[in-house]
Amino acid sequence: MLTLKFIQENKDEVIQRLKIKNFDAAGIVDEIINLDNQRKATQVEVETFQAEMNGLSKKIGELFKSGKAAEANEAKARTGELKENIKGLDAKLSEITSQLDEQLVQLPNLPNEIVPPGKGEDDNVVVKSGGEMPVLNNAVPHWDLIKKYDIIDFELGTKITGAGFPVYKGKGARLQRALINFFLDEADKAGYEEVLPPLLVNEDSGFGTGQLPDKEGQMYHATADNLYLIPTAEVPVTNLYRDVILKGSELPIRNCAYSACFRREAGSWGAHVRGLNRLHQFDKVEIVQVAHPTKSYEILDAMVAHVQTIVEKLELPWRLLRLCGGDISFTSALTYDYEVYSAAQERWLEVSSVSNFENYQANRLKLRFKEEGEKKAQLAHTLNGSALALPRIMAAILENNQCAEGIRIPKVLVPYTGFDIIN
RNA sequence: GGAGAGAUGGCAGAGUGGUCGAAUGCGGUGGUCUUGAAAACCAUUGUACCGCGAGGUACCGGGGGUUCGAAUCCCUCUCUCUCCGCCA
């Protein structure tokens, strides 16, 4: 969330910049500033009483010790009133604070200046593109190819779990594992330290990265233990650094992680979500960085470049989008998406999303760093990106590489799969 | 799942009602000494909020209670450890 200090000092800028996200912040910002002022006033009031109470208590203690019990008991008379005042003001303070928090979490992150205006995905800006568009006759979509070669089985998944939980079989399973290992090796080569995180997280973690409270319905919730199945490894990996004060010299922190991801996707089924295009469970390799605020945009560029090298090694036609204000997420300041072209579906598929959250997540996480010799800790910046999400990569590989003999495996993957064709 | 023990500063670890934001040791930082380093010695070393400042307030796992006063007593939750059971 945005810091109170920033909102207080830049009220008009906050309202102005959130218009790019099509968010009318005027009411909330006023409410926040009002509540914050009330909070301060109430705090000063309660602390004044507390100071008096502390002094009085000390005095009573001394009186008892020196045997002046009568005087001590006399002094006690005033404490009752003080206690009542403190109790009342405390209640008021926590009421104000919770109202303030409630308002604060409703404010999205400010978009970076270069985020283009727009309502939705049609307004995203193509930054660049590359790779060769495949030329195919009568291209078969992947949902038919997977049946033809018996490598992914949706019906079986439906039987044991439900729609959107496919079973990967034989060379399909092997290809899936190959992609995971390839992505992890690429991340490792680029300097990201691998972690293998839990797939379920607690409420604090969900709040830290911004899934809670706003996107609660998107996550599977194990209610018996109040744990959430992760929608992305971003959640556990970024939360590794919750409530942490790093040394300036430790930045940037770079992690990568493979995980299964779980998304309820409530209400988002419809056109264009056949086959692997949208699943409830899928695999992804995620890259996460914790950065110095002055370096985060440089790092965002490096992360984008990393994703591009992977897509290029897989010989897929790609394009890079800068998301517009209407399509960028609640918590992000700037997001780039990579899409690959799917020949049989004749459309672009999003396979990666790389974002800079600046200090928005860090403020929730209390993720700070302290520069050598400095007294005060400051909020770090967090970033993450998919490198990459598997299902649509799988779809694109199957569709684009189909030929009379079967499906060719991209050269870089052959050492991982142990075969060069699916037939 | 059953029984018991415990949770204190970066770490270890004292502290069972007031003088405790908290002994001591280690670690960190600055300094003295040294050609340099080590050792030794001296100093310093948590976070947040309010305040120009002096200073004030809160925090000893979380929440609540008793009391003029709680790290310390009570209730509750969470977590950790030990033993037993079960088990990949």
Side-chain angles (χ1 to χ4, degrees), chain A residues 1-9 32-101 103-104 196-208 212 221-228 236 239-251 253 260 290 359 362-380:
Chain A
M1 55 199 178
L2 301 177
T3 65
L4 270 171
K5 191 170 151 69
F6 187 87
I7 297 170
Q8 282 276 14
E9 289 170 3
I32 286 172
I33 289 176
N34 179 27
L35 284 166
D36 190 38
N37 293 339
Q38 280 185 52
R39 194 208 92 231
K40 280 185 200 169
T42 309
Q43 190 177 326
V44 168
E45 238 183 311
V46 74
E47 284 181 2
T48 307
F49 284 124
Q50 279 170 336
E52 193 183 341
M53 183 67 127
N54 287 344
L56 204 53
S57 292
K58 203 172 253 183
K59 195 174 134 200
I60 291 169
E62 281 160 11
L63 285 172
F64 271 124
K65 234 172 222 172
S66 56
K68 299 172 183 164
E71 273 181 62
N73 283 319
E74 201 174 304
K76 270 196 203 177
R78 281 163 59 197
T79 60
E81 193 186 344
L82 279 175
K83 229 178 174 180
E84 280 305 303
N85 288 339
I86 290 171
K87 205 173 167 187
L89 286 169
D90 252 343
K92 186 177 166 195
L93 188 60
S94 59
E95 172 63 24
I96 292 170
T97 306
S98 71
Q99 278 179 28
L100 183 56
D101 289 343
Q103 296 296 316
L104 270 175
L196 189 59
L199 302 180
L200 283 84
V201 293
N202 58 28
E203 242 176 299
D204 285 345
S205 295
F207 177 80
L212 297 175
H221 187 193
T223 51
D225 298 288
N226 198 24
L227 296 173
Y228 294 86
N239 272 282
L240 256 25
Y241 306 99
R242 169 155 51 83
D243 285 319
V244 168
I245 300 179
L246 297 159
K247 286 190 199 138
S249 58
E250 292 178 280
L251 299 176
I253 284 179
V290 179
N359 67 19
N363 189 33
R364 288 184 164 208
L365 293 159
K366 295 196 174 32
L367 196 190
R368 290 163 293 173
F369 71 97
K370 206 188 272 183
E371 214 65 271
E372 179 115 9
E374 275 183 21
K375 190 110 181 78
K376 199 104 170 109
Q378 53 177 317
L379 293 170

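C41(B) and G31(B) make up a base pair, with Watson-Crick or G-U wobble contacts both under 3.5 Å. With a 3.5 Å ceiling on both atom-pair distances, U66(B) lacks any Watson-Crick or G-U wobble partner. Summarising the base pairing, G85(B) is matched to no nucleotide, lacking a Watson-Crick or G-U wobble pair whose two defining distances lie under 3.5 Å. A 3.5 Å limit on both hydrogen-bonding distances identifies no Watson-Crick or G-U partner for C52(B). Using N1 to N3 plus N6-O4 or O6-N4 for Watson-Crick, or N1-O2 and O6-N3 for G-U wobble, each under 3.5 Å, C11(B) pairs with G25(B). With a 3.5 Å ceiling on both atom-pair distances, the Watson-Crick or G-U wobble partner of C59(B) is G46(B). The pairing partner recorded for A71(B) is none, the criterion being a Watson-Crick or G-U wobble arrangement whose two distances lie under 3.5 angstrom. Both distances falling under 3.5 Å, in either a Watson-Crick or a G-U wobble arrangement, place U80(B) opposite A5(B).
For the C1' atom pair drawn from C74(B) and G17(B), the interatomic distance equals 13 Å after rounding to whole Å. Annotation: G85(B) and U47(B) have their P atoms spaced 47 Å apart (nearest Å). For the C1' atom pair drawn from A70(B) and C79(B), the interatomic distance equals 23 Å after rounding to whole Å. Straight-line distance between the P atoms of C73(B) and U57(B): roughly 25 Å, to the nearest whole Å. A43(B) and A48(B) have their P atoms separated by 27 Å, with the value rounded to a whole Å. Nucleotides G69(B) and A12(B) are separated by 31 Å at their C1' atoms, to the nearest Å. One P atom belongs to U16(B), the other to C50(B), and the distance between them is 36 Å to the nearest Å. Comparing the same atom, P, in C60(B) and in A71(B) gives a spacing of 7 Å after rounding to whole Å.
Computed from coordinates, the D225(A) CG to C79(B) P distance equals 9 Å when rounded to whole Å. Whole-Å rounding puts the E71(A) CD to C68(B) C1' distance at 15 Å. Between the P atom of A48(B) and the CG atom of L100(A) lies a distance of 18 Å, rounded to the nearest Å. Atom NZ in K87(A) sits about 15 Å away from atom C1' in C68(B), given to the nearest Å. Atom C1' of nucleotide G69(B) and atom CG of L63(A) are separated by 13 Å, given to the nearest angstrom. Remark: C1' of U57(B) and CE of M53(A) are 14 Å apart, rounded to the nearest angstrom. Computed from coordinates, the E45(A) CD to A58(B) C1' distance equals 17 Å when rounded to whole Å. Between the NZ atom of K247(A) and the C1' atom of U29(B) there is a distance of 11 Å, rounded to whole Å.
Within the structure, every side-chain polar atom (N or O) of K376(A) is placed at least 4.0 Å from both OP1 and OP2 of G46(B). At G69(B), one or more side-chain N or O atoms of K83(A) fall inside 4.0 Å of OP1 or OP2 (strictly under the cut-off). The phosphate of U47(B) has OP1 or OP2 within less than 4.0 Å of a side-chain N or O from K370(A). Between N54(A) and the phosphate of U57(B), there is a side-chain N or O to OP1/OP2 separation shorter than 4.0 Å.
Counting any heavy atom pair closer than 4.0 Å across all strands shown, K40(A) reaches sugar-phosphate atoms only and no base atom. Residue contacts for L56(A): at a heavy-atom cut-off of 4.0 Å it reaches no nucleic acid atom on any strand shown. Residue contacts for Q43(A): at a heavy-atom cut-off of 4.0 Å it reaches a base atom on one of the strands shown. Within the 4.0 angstrom heavy-atom criterion, base atoms lie near S57(A). Residue contacts shown for R78(A) are absent, as no nucleic acid heavy atom lies under 4.0 Å away.
At least one side-chain heavy atom of L56(A) sits less than 4.5 Å from a side-chain heavy atom of L82(A). The side-chain heavy atoms of N202(A) and N226(A), taken from C-beta on, include no pair separated by under 4.5 Å. Between R39(A) and L4(A) there is a side-chain heavy-atom pair separated by less than 4.5 Å.
Where Q50(A) and D36(A) meet RNA chain B, the nucleotide closest to each residue was compared, and D36(A) sits on the side nearer the 5' end.
Between L93(A) and V46(A), the shortest heavy-atom distance links the atoms CD2-CG1, 4.3 Å. Among all heavy-atom pairs drawn from G208(A) and R364(A), the shortest one is O-CB, 3.6 Å.
Atom CD of E9(A) is surrounded by more than 12 heavy atoms from other residues, nucleotides or ligands within 6.0 Å.
In the set G18(B), U67(B), U57(B), the nucleotide with an atom closest to the side chain of E47(A) is U57(B). Among the nucleotides U47(B), C50(B), G69(B), the one closest to the side chain of R368(A) is U47(B).
Looking at K87(A) and D90(A), no side-chain N of the basic residue comes within less than 4.0 Å of a carboxylate O on the acidic one, giving no salt bridge.
Side-chain contact annotation: Q99(A) with E95(A), donor-acceptor N/O pair under 3.5 Å present.
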